[in-house]
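We number each residue from 1, following the sequence as shown. Numbering of ligands and ligand atoms starts at 1, following listing order. These figures come from a predicted structure and were not determined experimentally.
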Amino acid sequence: MAKESLTIIDNRTGKQYEIAIENGAIRAADLRQIKNGSDDFGLMSYDPAFTNTASCKSRITFIDGEKGILRYRGYPIEELAEHSNYLETAYLIVKGELPDRKHFEMWEHNIKVHTMVHENIKKFMEGFRYDAHPMGMLLGTVGALSTFYPDAANIHDLESRRLQTRRLIGKMPTLAAWAYRHTRGLPYIYPNNELSYTGNFLSMLFRMTESNYKPNPVLERALDVLFILHADHEQNCSTNAMRSVGSSQADPYSATAAAIAALYGPLHGGANEAVVRMLERIGSVKNVPEAVKKFKAGEGRLMGFGHRVYKNYDPRAKILKKMAYEVFEVTGANPLIEIAQELERIALQDDYFVSRKLYPNVDFYSGIIYQAMGFPTEMFPVLFAIPRTSGWLSQWAEMVRDPEQKIARPRQIFVGEKLRAWTPIEKRPVPVNREDAVDTSI
Ligand code: ACO
């Protein structure tokens, strides 16, 4: 008997099966041979929210949640955050290797030539209501890009994939900055390609009447580090959306719009906003013990704590905690940091959090930093979407090239009515309790 295998005995039939184990996993389709009779569909695995199901093989990002390890293409996140910049990290994620100087300069040039957008995109954005959420604007506008680039439908063409990747990485800061300017009633600022990727973004966000806007180098670097930390995170909710929509062979703009939609949710890209609101509600360090008591009693969650994958300190949170103070040197301290530190101190000593392996995640400190830099909370998920674009596109391209991938289509376990005969409306019985009789979930 092969060693790398699993023996299963079906107690319904007494039959024994041997299923191969590959890379620490069994193929769910191998379970289908386990049947309770000739008309049985075969055994399925039931895994709501995919908590224990690998949907792909990937070479991009490695996470060891128990040990708090995050690596892009084998490089530890700590080293990238210390030595790299976002565009170089994006190259690494997309192409698999760190670039030499010549290739980096070509890559930077190829991204920067795509920072401009069609003037009709500007008009499209101007059409949003004055108080539109910038994430909703980004989501709609990225989806609209697909109508400007019909060539993007050639998803099996390598050159087309490369072009759309450069276009999207190049245009995201422009669209994000314009969404922000729109909500402020300020004129949109065109890109300045003499600045760095993050420097240009700061210019498009914050430039007023200066003829020569110079981004603060500390804030420019801080944004670069934040972008590096958010560039990819393997099969999270938005990446799964990107792959799932992309699996129908939709163009990458449409798939990216779907990923942005997933990131919009408060349990994903909106968590750092929730952290800031929570800290503001707590209001003062002296209120922290009482707040922790409430979280333990199930009255709300300690936002920015806990993670589906990390059961240890999120390595990105460690980097951001340190970086917060460098940003505060320029911006002035954000008083919320004192409350956050006290929350962390108390929670990490408390058996409730320790026994459940709940540690600070990336969102615990990122919102405080963004707020100190002058970003309104609605911009937080937008700031997440810009760098994650390189991760989404890289994951999408990996999926497109993977011969094992097909259109994503999970199974269900049907628990509804089996078969009913249609009756005319006059003959339908009046339900005793209407709420029991109809689906009240929508
Ligand atoms: N505060 C208090 N209790 C918590 C928290 C929290 N932040 N997170 C989990 N728990 C508790 C749960 O109540 C549960 O307790 P129980 O076993 O007594 O029922 C236990 O810890 C396990 O929690 P689950 O919800 O099963 O864990 P899951 O892996 O599904 O959730 C999640 C992960 C959604 C991140 C969760 O920890 C959470 O809601 N955290 C706060 C929101 C947040 O910070 N999200 C950002 C995630 S990072 C990102 O998306 C970039």
Side-chain angles (χ1 to χ4, degrees), residues 47-53 61 63-66 68 70 72 77 135 225-242 259-282 288-321 336 339-340 342-370 377 379-389 391-392 395:
D47 188 9
F50 308 132
T51 56
N52 195 37
T53 295
T61 293
I63 300 175
D64 183 332
E66 292 297 326
L70 169 61
Y72 298 154
I77 193 69
M135 191 66 163
V225 173
L226 281 154
F227 279 10
I228 291 170
L229 301 184
H230 287 88
D232 194 53
H233 212 235
E234 51 117 309
Q235 306 313 311
N236 54 87
C237 180
S238 57
T239 301
N240 183 54
M242 179 88 192
I260 294 172
L263 191 61
Y264 206 167
L267 291 186
H268 192 7
N272 49 10
E273 178 178 345
V275 171
V276 167
R277 295 204 194 290
M278 172 193 76
L279 295 173
E280 285 171 345
R281 263 197 318 275
I282 294 173
V288 167
E290 190 54 32
V292 171
K293 219 189 262 176
K294 286 188 175 160
F295 296 136
K296 285 165 57 177
E299 288 177 45
R301 285 196 163 187
L302 171 45
M303 297 309 287
F305 256 66
H307 198 277
R308 174 59 61 78
V309 180
Y310 292 116
K311 301 301 165 198
N312 201 324
Y313 213 112
D314 180 338
R316 301 167 300 174
K318 253 186 219 162
I319 296 166
L320 289 184
K321 185 176 171 184
L336 297 182
I339 304 172
E342 183 64 0
L343 265 174
E344 179 184 328
R345 191 184 68 78
I346 295 191
L348 294 186
Q349 289 174 1
D350 193 300
D351 186 55
Y352 175 94
F353 296 92
V354 174
S355 63
R356 288 170 179 76
K357 300 187 177 178
L358 301 171
Y359 293 87
N361 62 48
V362 67
D363 293 311
F364 196 62
Y365 289 105
S366 63
I368 301 172
I369 298 174
Y370 290 142
T377 46
M379 275 299 282
F380 294 0
V382 173
L383 294 164
F384 193 153
I386 300 169
R388 185 54 63 87
T389 301
W392 288 331
Q395 299 270 353

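Considering backbone and side-chain N/O atoms, F305 comes within less than 3.5 Å of an N/O atom of ligand 1. Considering backbone and side-chain N/O atoms, R301 comes within less than 3.5 Å of an N/O atom of ligand 1. Among the atoms of G304, some N or O lies under 3.5 angstrom from an N or O of ligand 1.
Residue Y352 has at least one heavy-atom neighbour below 4.0 Å for each of these atoms of ligand 1: 2 (C), 3 (N), 4 (C), 11 (C), 13 (O). Near H307, meaning under 4.0 Å from any of its heavy atoms, are these atoms of ligand 1: 33 (C), 35 (C), 37 (O), 48 (S). Less than 4.0 angstrom separates some heavy atom of G306 from each of these atoms of ligand 1: 35 (C), 37 (O). Atoms of ligand 1 lying under 4.0 Å from any heavy atom of L302, numbered from 1 in the order shown and given with element: 1 (N), 2 (C), 6 (C), 7 (N). Within ligand 1, the atoms closer than 4.0 Å to a non-hydrogen atom of M303 are 41 (C), 42 (C), numbered from 1 in the order shown. If you number the atoms of ligand 1 from 1 as listed, the ones under 4.0 Å from a heavy atom of A271 come out as 43 (C), 45 (N), 46 (C).
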Point to revise | L226/L383 under side chain to side chain contact (heavy atoms under 4.5 Å, CB included): CA gap, chis, key distance, verdict | key: CA-CA 9 Å; L226 281 154; L383 294 164; over 6 Å; no
**Study point:** Full working for side chain to side chain contact (heavy atoms under 4.5 Å, CB included) between D363 and M303
**Key:** CA-CA 8 Å; D363 293 311; M303 297 309 287; over 6 Å; no
Review point. Does the pair F364 and L320 meet the rule for a side chain to side chain contact (heavy atoms under 4.5 Å, CB included), with working shown?
Key: CA-CA 9 Å; F364 196 62; L320 289 184; over 6 Å; no
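Without hydrogens or angle criteria, H268 side chain to S238 main chain gives a donor-acceptor distance under 3.5 Å. Looking only at distances, no side-chain donor or acceptor of T51 sits under 3.5 Å from a matching main-chain atom of D47. A distance-only check finds no donor-acceptor pair linking the side chain of N361 to the backbone of Y359 [under 3.5 Å]. With N272 contributing its side chain and S366 its backbone, the two residues share no donor-acceptor pair below 3.5 Å. Panel note: side chain Y365, backbone P360; no donor-acceptor pair is recorded below 3.5 Å.
Salt bridge present: K357 and E66 bring a charged side-chain N and a carboxylate O closer than 4.0 Å.
Nearest protein neighbour of atom 51 (C) of ligand 1, counting heavy atoms only, is D363 OD2, 3.4 Å.
When the heavy-atom distances from atom 50 (O) of ligand 1 to H268, M278, H233 are ranked, the shortest goes to H268. By heavy-atom distance, the residue among K357, R356, R308 lying nearest atom 33 (C) of ligand 1 is R308.
Note that atom 18 (O) of ligand 1 has protein non-hydrogen atoms nearby, at separations under 4.0 angstrom. In this structure, atom 37 (O) of ligand 1 has a protein heavy-atom contact shorter than 4.0 Å. There is a protein heavy atom less than 4.0 angstrom from atom 48 (S) of ligand 1. Not a single protein heavy atom sits closer than 4.0 Å to atom 22 (C) of ligand 1.
When non-hydrogen atoms are compared, ligand 1 lies under 4.0 Å from the side chain of L358 (C-beta onward) but not from its backbone. When heavy-atom distances to ligand 1 are checked against a 4.0 Å cut-off, K296 has no atom that comes that close, whether in backbone or side chain.
The aromatic rings of F353 and F305 sit perpendicular, their planes meeting at an angle over 60°, well past the 30° parallel limit. The aromatic rings of F380 and Y370 sit tilted, their planes meeting at an angle between 30° and 60°.
Between F384 and H233, the ring centre distance reaches or exceeds 6.0 Å.
Ligand 1 is never approached by F364 to a heavy-atom distance shorter than 4.0 Å.
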